[in-house]
Undergrad: 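What follows is a single structure, and I will ask about it in a moment.
We count ligands from 1, going down the list as the structure has it; atoms in each ligand are counted the same way. This chain uses plain numbering: 1 for the first residue, then up along the sequence.
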Amino acid sequence: MRTFDKIYINGQWVKPNGEGSDKVINPATDKVVAKVPYGDATDVDNAVQAARNAFDAWTNTPSDQRAEYLRKIAKEMQKRSADFEITMVEELGIPTSLADDYQVSGPIGACAGFADRCSQMDEIEEINNSLIIKEAVGVCAFINPWNYPLSQMIGKVAPALAAGCTMVVKAASQTPSHAFILADAIDAAGLPAGVFNLVHGSGRVIGEKMCSHPEVDMVSFTGSTEAGIKIAEAAAPTVKRVCQELGGKSAFIITADANLTDAIAYGVEDVMVNTGQTCTALTRMLVPNSRYEEAIQIAKDYAEAMKVGDPSDSESYIGPMSSESQRKTVLSYIEKGIEEGARLVTGGTEMPEGLSQGAYVRPTIFADVNNKMVIAQEEIFGPVLAMIPYNDIDEAVTIANDTVFGLSSAVYAKDKGSAIVIARRLRAGQCYVNSGDFNYDAPFGGYKQSGNGREWGNAGMHEFIEIKSIQT
Ligand code: NAP
């Protein structure tokens, strides 16, 4: 078991003012795997003050030196990659065969990638008699979720460092250890004191304090739409910039001329990976009526071949939900789907075969789903796929866009060209055509209630930049 008894403020590991410690449970075994100390409002004040004091020197540090720090941090993270991987398996429940690929190596590479963007801060644009310059936003507060914890953390920390911001970060209570390992890596990289500060505690207590703090200039939040709204409300009286990366209910349109086997393998895998706890999961699969029954059979066979089990078993593809409470939420949605009259093709509310403990849910597929049903409108955040039939592409686009969310989407067609024509009609921040890969250099973020920010790439960096015009 890992025990952390200090938080990281002003370049030092310090005892927090908060009382007691947060016990982190392994969702596969129900055992405590880590203890993390609670901070309180005083710790937030101390951390914010440290970030404020460090801001002037850090923001005026030449961009090539900031780049060097980012490369050093990536190197120190790499040295700790096995440790990061273990925490993902133990705290989130992602199977060991997927942990590095989906949770660790990407963010380490992306951290180093932001080193190359530091020099953007030196660029000056001239418009007639004006000089347009870039400056860092200032002191940032980062609040993160548990589903891709390191990735979400680096998606904020690395561009903020590149832009010249200082920060206070908080990880989700369910998956905190990676943040302590990251602080250790940052400390080893020798980042100046106060630039990065780590606190820990409940979102409702210290999270809200971070958002309302008058010395915080910007909040970047990734999590549920519900918490995102509270964060924006807490930040509003001090008129901070608020970047929100929220939930989704993304649609995947498969056209009549697509290779059905390949398309469905891609779609089912996308929903089931990370046990369905992916904000961009393509949870509404839209299939032409002419191929609907054929598609359902392929999806059923594919899902039933996925091994559900102990995340430390290298054969497992689907681990437990991240917590028992998340399991209960997902099971209640499965019950709701049955109650609403959707056809249960595979899965359901029983424990997967061979398992008697742990927060497991069977990979579940519903057919005959109407887009107005709750299981088609609300984010379930579990391994549950809704298959929705459509008559023609216009109807498919209408169904895809009929959601309060707009985070991601996908199209699978005979060729990429025809898929892109449909992709352009979808109201979502991203679209994956014919199984396109995730790209850390491309903007990532949502439309509508999926949020208002962009992470990764140049757009992710721009979130942390103020633009100033100087008239000459
Ligand atoms: P969550 O319950 O909203 O929690 C996210 C973070 O916010 C946690 O650190 C939580 O702290 C904190 N928090 C909760 N209430 C707060 C409040 N009132 N004030 C300040 N902080 C507060 O979300 P989650 O269950 O961890 O994550 C799942 C959600 O994140 C899903 O909806 C998913 O779609 C979304 N997500 C979106 C993206 C994206 O990029 N768009 C990426 C990943 C996940 P505690 O843990 O201490 O409660």
Undergrad: Give the ring-plane orientation class for Trp13 versus Phe180, where under 30° counts as parallel, over 60° as perpendicular and anything between as tilted.
TA: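 Because their plane-to-plane angle is under 30°, the rings of Trp13 and Phe180 count as parallel.
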Undergrad: Between ligand 1 and the protein, tabulate every N or O atom pair separated by less than 3.5 Å, reporting distance only.
TA:
{"unit_1": "ligand 1", "atom_1": "3 (O)", "unit_2": "Ser224", "atom_2": "N", "d": "2.8"}
{"unit_1": "ligand 1", "atom_1": "3 (O)", "unit_2": "Ser224", "atom_2": "OG", "d": "2.6"}
{"unit_1": "ligand 1", "atom_1": "9 (O)", "unit_2": "Asn144", "atom_2": "O", "d": "2.7"}
{"unit_1": "ligand 1", "atom_1": "9 (O)", "unit_2": "Lys170", "atom_2": "NZ", "d": "3.3"}
{"unit_1": "ligand 1", "atom_1": "11 (O)", "unit_2": "Lys170", "atom_2": "NZ", "d": "3.0"}
{"unit_1": "ligand 1", "atom_1": "11 (O)", "unit_2": "Gly203", "atom_2": "N", "d": "3.4"}
{"unit_1": "ligand 1", "atom_1": "18 (N)", "unit_2": "Glu208", "atom_2": "OE2", "d": "3.0"}
{"unit_1": "ligand 1", "atom_1": "19 (N)", "unit_2": "Gly203", "atom_2": "O", "d": "3.3"}
{"unit_1": "ligand 1", "atom_1": "21 (N)", "unit_2": "Gly203", "atom_2": "O", "d": "3.4"}
{"unit_1": "ligand 1", "atom_1": "23 (O)", "unit_2": "Ser224", "atom_2": "N", "d": "3.4"}
{"unit_1": "ligand 1", "atom_1": "25 (O)", "unit_2": "Trp146", "atom_2": "NE1", "d": "2.9"}
{"unit_1": "ligand 1", "atom_1": "26 (O)", "unit_2": "Trp146", "atom_2": "NE1", "d": "3.0"}
{"unit_1": "ligand 1", "atom_1": "30 (O)", "unit_2": "Gly223", "atom_2": "O", "d": "3.3"}
{"unit_1": "ligand 1", "atom_1": "32 (O)", "unit_2": "Glu379", "atom_2": "OE1", "d": "2.6"}
{"unit_1": "ligand 1", "atom_1": "34 (O)", "unit_2": "Glu379", "atom_2": "OE1", "d": "3.4"}
{"unit_1": "ligand 1", "atom_1": "34 (O)", "unit_2": "Glu379", "atom_2": "OE2", "d": "2.6"}
{"unit_1": "ligand 1", "atom_1": "41 (N)", "unit_2": "Leu246", "atom_2": "N", "d": "3.2"}
{"unit_1": "ligand 1", "atom_1": "41 (N)", "unit_2": "Leu246", "atom_2": "O", "d": "2.7"}
{"unit_1": "ligand 1", "atom_1": "46 (O)", "unit_2": "Ser173", "atom_2": "N", "d": "2.8"}
{"unit_1": "ligand 1", "atom_1": "47 (O)", "unit_2": "Lys170", "atom_2": "NZ", "d": "3.0"}
{"unit_1": "ligand 1", "atom_1": "47 (O)", "unit_2": "Ser173", "atom_2": "OG", "d": "2.5"}
{"unit_1": "ligand 1", "atom_1": "47 (O)", "unit_2": "Gly203", "atom_2": "N", "d": "2.9"}

Undergrad: Relative to the ring of Phe196, is the ring of Tyr8 parallel (under 30°), tilted (30 to 60°) or perpendicular (over 60°)?
TA: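 Because their plane-to-plane angle lies in the 30° to 60° range, the rings of Tyr8 and Phe196 count as tilted.
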Undergrad: Check this for me: does any side-chain nitrogen of one of Lys15 and Asp5 sit under 4.0 Å from a carboxylate oxygen of the other?
TA: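 A salt bridge is present here (some side-chain N lies under 4.0 Å from a carboxylate O).
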Undergrad: Taking Glu350 first and then Arg362, would you say they form a salt bridge - that is, a charged N and a carboxylate O separated by under 4.0 Å?
TA: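 Not counted as a salt bridge, because no side-chain N and carboxylate O are separated by less than 4.0 Å.
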Undergrad: Which residues pass the salt bridge (charged side-chain N to carboxylate O under 4.0 Å, His left out) test with Arg327, not counting sequence neighbours?
TA: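 Salt bridge (charged side-chain N to carboxylate O under 4.0 Å, His left out) list for Arg327, sorted by chain: Glu324.
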Undergrad: Could you give me the CA-CA distance, side-chain angles and deciding distance for Tyr302 and Tyr317, then say whether ring pair (Phe, Tyr, Trp, His ring centres under 6.0 Å) is met?
TA: CA-CA 12 Å; Tyr302 203 81; Tyr317 186 78; 8.4 Å; no
